[in-house]
Amino acid sequence: MCEKRKRVGIMGGTFDPIHIGHLILGETAYEQFDLDQVLFMPAGNPPHKRNRLHRATDEQRSEMVRRAIASNPHFSLSLEEMNEDGFTYTYRTLERLKAEHPDTDYFFILGADSLFDFDKWREPGRICRACTVVAATRNHTSQERLDEAIRFLEEKYSGTFRKLNSLNIDISSAMLRSWIAGQRTIKYYVPDNVIAYIRENHIYEECDTDEL
């Protein structure tokens, strides 16, 4: 009898800071795609986010993720992209994981907005060969446009794309950083233990709202 293959989701991002929207997406993907585990993988040096003045350090972002997911047994923190030299690229990470864990199928979770830009990512074909791409829908996104984008990408890259049917929580890390800088509460948007860590370490207090 063949051993069952593992199914692992990947939630990538800067998580600067992590918020309930990220956690809801991870939990919904876990349920919808019958995953064994969801890896929360902070990006160490993403090429599209080079200006990180007044943001959290890599260590602080990782600690915020660790605290946010601590109570969920099927969520794990992955530092896979924290130790690379140079910029991190999704295709490299996925290919490395596939080589290290050939018994695992990966589900890479991204937002609908990112899906529309997927054609501009570095080596999209190699990403498709290494995982199933899961796109989270949003209220302002046209389902017809999303379906059209999925059909186009599947045909162009012979990839597998799936829609994540998650409740839309339309918040962003940029918005939360601006609220913290303006001394506005972020309670209920971010787990309490993460809020406490942000306050203890005075993160984002000097954040320039013009760069958000």
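Everything numeric here is computed off the predicted structure, so don't read it as measured data. Values below: all heavy atoms of this structure, side chains included; hydrogens, waters and symmetry mates excluded.
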**Q.** ring pair (Phe, Tyr, Trp, His ring centres under 6.0 Å) contacts in which one or both residues fall within residues 91-113, not counting sequence neighbours
**A.** Phe33-Phe107

Q | side-chain contact (heavy atoms from CB on, under 4.5 Å) assessment of Phe75 paired with Leu23 | A | CA-CA 9 Å; Phe75 284 177; Leu23 302 174; 4.3 Å; yes

Q. Can you check whether Tyr204 reaches Asp16 side chain to side chain, under 4.5 Å on heavy atoms?
A. yes

Q: Enumerate the residue pairs fulfilling salt bridge (Lys or Arg N to Asp or Glu O under 4.0 Å) with a member in residues 151-160, sequence neighbours excluded, ordered by first and then second residue.
A: Asp119-Lys156, Glu154-Arg162

**Q.** Pairs flagged by ring pair (Phe, Tyr, Trp, His ring centres under 6.0 Å) wherever residues 145-174 is involved - sequence neighbours left out
**A.** Phe118-Phe161

Q. Which residue pairs satisfy the salt bridge (Lys or Arg N to Asp or Glu O under 4.0 Å) criterion with at least one member in residues 99-109, sequence neighbours excluded?
A. Arg5-Asp105

Q: Please check if any side-chain donor atom of Gln37 sits under 3.5 Å from a side-chain acceptor atom of Lys6, or the reverse.
A: no

Q | Heavy-atom closest pair, residues Pro42 and Leu77 | A | CD-CD1, 3.7 Å

(Q) For a quick test of reading the model, state the closest non-hydrogen atom pair linking Ala149 to Leu115 and the distance between them. (A) CB-CD2, 4.4 Å

Q | Ile20 side chain near Ile171 side chain, heavy-atom distance below 4.5 Å | A | yes

Q) Under 3.5 Å, is there a donor-acceptor pair between the side chain of Ser178 and the main chain of Met175? A) yes

Q. So do the side chains of Lys187 and Asp192 get within less than 4.5 Å of each other, counting heavy atoms only?
A. yes

Q. Does the side chain of Asn72 pick up a donor-acceptor pair with the side chain of Glu27 at under 3.5 Å?
A. yes

Q.
Working to the nearest 0.5 angstrom, can you tell me the gap between Thr132 OG1 and Ile109 CD1?
A. 11.0 Å

Q: Would you give the length of the straight line joining atom CE of Met11 to atom OG of Ser78, rounded to the nearest 0.5 angstrom?
A: 13.0 Å

**Q.** Donor-acceptor under 3.5 Å (Arg61 side chain, Ala43 main chain)
**A.** yes

Q: Please report the C-alpha distance between Arg129 and Lys98 in whole Å, then the side-chain angles of each, then the deciding distance to 0.1 Å, and finally whether the side-chain contact (heavy atoms from CB on, under 4.5 Å) criterion is met.
A: CA-CA 10 Å; Arg129 288 191 290 273; Lys98 289 287 288 183; over 6 Å; no

Q) Minimum heavy-atom separation for Ser76 to Ile69, with atom names? A) C-CD1, 3.4 Å

Q: Calculate, to the nearest 0.5 Å, the distance between atoms CD1 and NE2 belonging to Ile180 and His202 respectively.
A: 13.0 Å

Q) For the residue pair Ile203 and Ala56, what are the closest heavy atoms and their distance? A) CG2-CB, 3.8 Å

Q: Give, for atom CH2 of Trp121 and atom OG1 of Thr90, the distance between the pair rounded to the nearest 0.5 Å.
A: 4.5 Å

(Q) Let's go through Leu94 and Ile10 carefully: what are the C-alpha distance in whole Å and the side-chain angles of both, what is the deciding distance for side-chain contact (heavy atoms from CB on, under 4.5 Å) to 0.1 Å, and is it a yes or a no? (A) CA-CA 9 Å; Leu94 287 168; Ile10 296 176; 3.7 Å; yes

Q) At their closest point, which heavy atom of Met64 faces which heavy atom of Pro17, and how far apart are they? A) SD-CB, 3.9 Å

**Q.** Pairing residues for Glu63 by the side-chain contact (heavy atoms from CB on, under 4.5 Å) criterion, not counting sequence neighbours
**A.** Arg66, Arg67, Tyr197

Q: Taking the side chain as every heavy atom from C-beta outward, state whether Leu97 and Met41 have any pair of such atoms under 4.5 Å apart.
A: yes

Q. Just checking, is any N or O donor in the side chain of Thr93 or Glu81 under 3.5 Å from an acceptor N or O on the other one?
A. yes

Q. Between Phe15 and His22, is the ring centre distance below 6.0 Å?
A. yes

Q. How far does OG of Ser173 sit from OH of Tyr189, to the nearest 0.5 angstrom?
A. 13.5 Å

Q: Before giving the answer on side-chain contact (heavy atoms from CB on, under 4.5 Å), spell out for Gln32 and Asn165 the whole-Å C-alpha distance, their side-chain angles and the decisive distance to 0.1 Å.
A: CA-CA 8 Å; Gln32 183 177 333; Asn165 302 318; 3.6 Å; yes

Q: Go through the structure and list residues passing side-chain contact (heavy atoms from CB on, under 4.5 Å) with Arg145, not counting sequence neighbours.
A: Phe116, Ser142

(Q) For the CG atom of Asn201 and the CD atom of Gln60, what is their distance to the nearest 0.5 Å? (A) 5.5 Å

